[in-house]
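Below is one structure, written out as structure tokens; the observations come after it.
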Amino acid sequence: MIRILLAGSLCLLIAGCSSDWGWYVVNPATKKGMTNLQFLLSGFYFTVLLSVTAIVISVVLGLLVALPGLSSRKGLRRFNRVYVELVRAVPILVMILWVYYGLPQLLGITITVFWAGVIALALSDSAFEAEIFRAGIQSIDKGQYEASHTVALSYTDTMRFIILPQAIRRILPALGNQLVYMLKMSSLVSVIGMQELTRKANELVVTEYRPLEIYTVLLLEYLVLILIVSAGVRWLERRLQTDQRNR
Amino acid sequence: MVQQSDLKATDSPIIQMRSVSKFFGTFQALNEVSIDIGLGERVVVCGPSGSGKSTLIRCINQLEKHDSGTISIDGTAIDGSKASLNTVHANVGMVFQQFNLFPHLTVLENLTLGPVRAGRLSKTEANDIAIRYLERVRIPEQADKYPAQLSGGQQQRVAIARSLCMEPNIMLFDEPTSALDPEMINEVLDVMVELAESGMTMICVTHEMGFARRVADKMVFMDHGKIVEMSDKEKFFKAPDSERCREFLQQILPH
Ligand SMILES: Nc1ncnc2c1ncn2[C@@H]1O[C@H](COP(=O)(O)OP(=O)(O)OP(=O)(O)O)[C@@H](O)[C@H]1O
Ligand SMILES: [Mg+2]
């Protein structure tokens with residue numbers, strides 16, 4: 001992975017030697033370039049904060065929507081289906097615009113750009129989280145529920161101590177995927193003015209007229225962020241798996 | 001464990017089933033089954049595959065809900081109500097063919113989770129009791145391992161200890177040795193014999209007739225969802241009433 005990254009940067013550097021490139025715009029050796037670079041990098045703060053807040057909410061929401069989907073009661077299962085189908089059908093960009101411009105009017109409240117972004121991303125993602133949880137929980141053998149019953153565990157305790165810990169280990173790769181997806185989708189929140197990575201790049205392009213270099217930096221910023229996240233998820237997977245040995 | 005042998009043969013049975021029927025869709029898995037089981041009694045249930053043996057014992061602890069008839073444990077009707085759930089939780093332990101240990105928990109955690117969450121014991125008390133039962137099933141040294149690190153026989157003994165930690169009055173066994181390699185069957189049967197001798201009320205679905213001959217007070221033979229033969233072991237093995245039972249025994253007993 002690191003090697004691909006290095007090779008990629010090398011290609012860009014070589015290409016940068018041709019007359020079409022103007023790396024000066026983000027050259028940390030010059031004062032101007034340094035300022036620009038810092039401006040671009042400062043977008044990490046909101047990209048990460050927004051994505052992490054949204055993923056936490058969407059995981060909780062997803063679980064709350066998944067559980068009724070596993071119920072033996074038809075009404076609860078229908079709630080799950082309707083939620084998933086409706087929410088999944090809304091494009092993320094549309095969800096962002098609707099939450100930011102529509103929701104305040106509907107509810108008569110004001111909403112900050114940050115929270116509009118968080119709500120829109122979390123809602124959109126929750127439908128997918130719900131499906132992931134449902135599949136993960138359904139993959140647990142029914143003997144685990146039966147054994148829990150024989151040691152007098154309540155439904156909540158069975159879920160909390162027996163089913164979810166095993167389900168989460170199984171769906172960890174899928175949850176990691178969703179986090180990566182969330183980090184990328186957070187770029188869409190730039191359209192309502194969130195000062196995250198993409199917005200910063202857009203603003204700099206407007207003043208510097210160097211889209212190639214600036215968007216290349218932007219691309220690398222996402223790449224680095226996501227490689228770090230992937231490595232983190234893999235580390236977590238390995239750590240949790242050692243608990244279960246050859247299962 | 002409470003010594004229950006001297007309480008044996010009390011008048012009112014601890015488990016009473018009256019005309020219990022169970023359907024899976026249109027298929028009738030139990031057909032008007034009635035049986036009384038006294039405190040401390042050891043019942044061995046056998047019969048061909050699909051005859052309803054598992055369904056019978058699973059109705060007792062509400063893993064299956066029966067459709068008609070009545071079941072009572074210690075005088076409480078088993079009908080899916082909160083009271084019946086409490087009665088099942090307080091009285092009935094179960095051991096499965098597939099062990100069903102919790103794979104993400106250590107052996108010790110498998111044993112202590114139930115008693116601690118039920119609010120019966122503190123963590124340290126539960127640990128002490130767990131170790132005691134692990135000693136009884138002769139694997140105290142495996143306490144900190146995970147189930148997948150144990151042999152099948154050891155896993156099944158952990159499963160037995162896990163049930164015993166709940167201090168049940170009744171233990172249900174559903175073919176506890178059927179998933180084991182032959183050389184591990186005896187280590188599990190030994191533990192079960194010991195348990196039987198301690199006076200535990202037991203209902204065992206098993207085809208281990210050597211075990212049945214040793215411990216059974218009552219033998220039950222099922223076919224097509226019905227109890228076809230129910231008698232003490234002498235009569236059962238020497239002169240069963242039903243032809244079907246005779247045939248079955250001939251098939252599974254060594255000649
Ligand atoms: N959940 C279920 N849904 C539908 N049919 C079932 C279900 N559980 C059991 N049955 C059917 O009920 C009948 C009795 O099943 P049961 O498991 O009680 O038999 P058994 O005597 O324990 O057989 P085995 O020796 O194979 O374990 C079988 O024909 C089985 O197919
Ligand atoms: Mg069975």
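A, B, ... follow the sequence lines: proteins, then strands. Residue 1 opens every chain. All of these numbers come straight from a predicted model, not from anything done at the bench.
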Problem set entry | Under 4.5 Å from any heavy atom of chain B - which part of A:Ser148 |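 Contact with chain B: backbone and side chain both.
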For this session: Drop me the distance from A:Ile162's CD1 to B:His104's NE2, to the nearest 0.5 angstrom.
Result: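 These two atoms lie 4.5 Å from each other.
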For this session: Applying side-chain hydrogen bond (donor to acceptor under 3.5 Å, both in side chains), name anything that partners B:Thr112, two or more places apart in sequence or on another chain.
Result: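 With neighbours one apart ignored, the set is empty.
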Below 4.5 Å from any heavy atom of chain A, which atoms of [X] appear? Answer side chain, backbone, both or neither.
X        : value
B:Leu85  : side chain
B:Val88  : side chain
B:Met166 : side chain
B:Arg162 : both
B:Phe102 : both

Validation: residues 179-186 of chain A side-chain donor-acceptor distances under 3.5 Å, sequence neighbours left out:
residue	atom	partner	partner atom	Å
A:Ser186	OG	A:Leu183	O	2.7

Exercise. Side chain to side chain contact (heavy atoms under 4.5 Å, CB included) between B:Leu111 and A:Val151: does it pass, once the steps are laid out?
Worked result: CA-CA 9 Å; B:Leu111 267 58; A:Val151 293; over 6 Å; no
Exercise. Is it the case that more than 12 heavy atoms not belonging to A:Arg81 sit under 6.0 Å from its CZ atom?
Worked result: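 For A:Arg81, atom CZ is crowded (more than 12 foreign heavy atoms under 6.0 Å).
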Exercise. Is the number of heavy atoms from other residues, nucleotides or ligands under 6.0 Å of A:Tyr45 OH greater than 12?
Worked result: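 12 or below, so no.
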Problem set entry | Shortest non-hydrogen separation from B:Pro103 to A:Gln166 and the atoms involved |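 In terms of heavy atoms, the two residues are closest at CG-OE1, 3.2 Å.
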For this session: Identify the heavy atoms of A:Gln144 and B:Leu101 that sit nearest to each other, and give their distance.
Result: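 Minimum heavy-atom contact is NE2-O, 2.8 Å.
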Exercise. When you look at B:Leu113 and A:Asp157, which way does the side chain to side chain contact (heavy atoms under 4.5 Å, CB included) test go after all the steps?
Worked result: CA-CA 10 Å; B:Leu113 184 64; A:Asp157 279 357; over 6 Å; no
Exercise. Would you say the side chain of A:Thr150 lies within less than 4.5 Å of the side chain of B:Leu172, judging by non-hydrogen atoms?
Worked result: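 No, every pair of side-chain atoms sits at 4.5 Å or beyond.
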Problem set entry | N/O donor-acceptor pair under 3.5 Å between A:His149 side chain and B:Asn61 backbone |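 Here the side-chain-to-backbone pair exists.
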For this session: Begin from the C-alpha positions of A:Arg160 and B:Arg117 and carry the test side chain to side chain contact (heavy atoms under 4.5 Å, CB included) through to its verdict.
Result: CA-CA 11 Å; A:Arg160 178 171 156 206; B:Arg117 293 306 301 173; 3.7 Å; yes
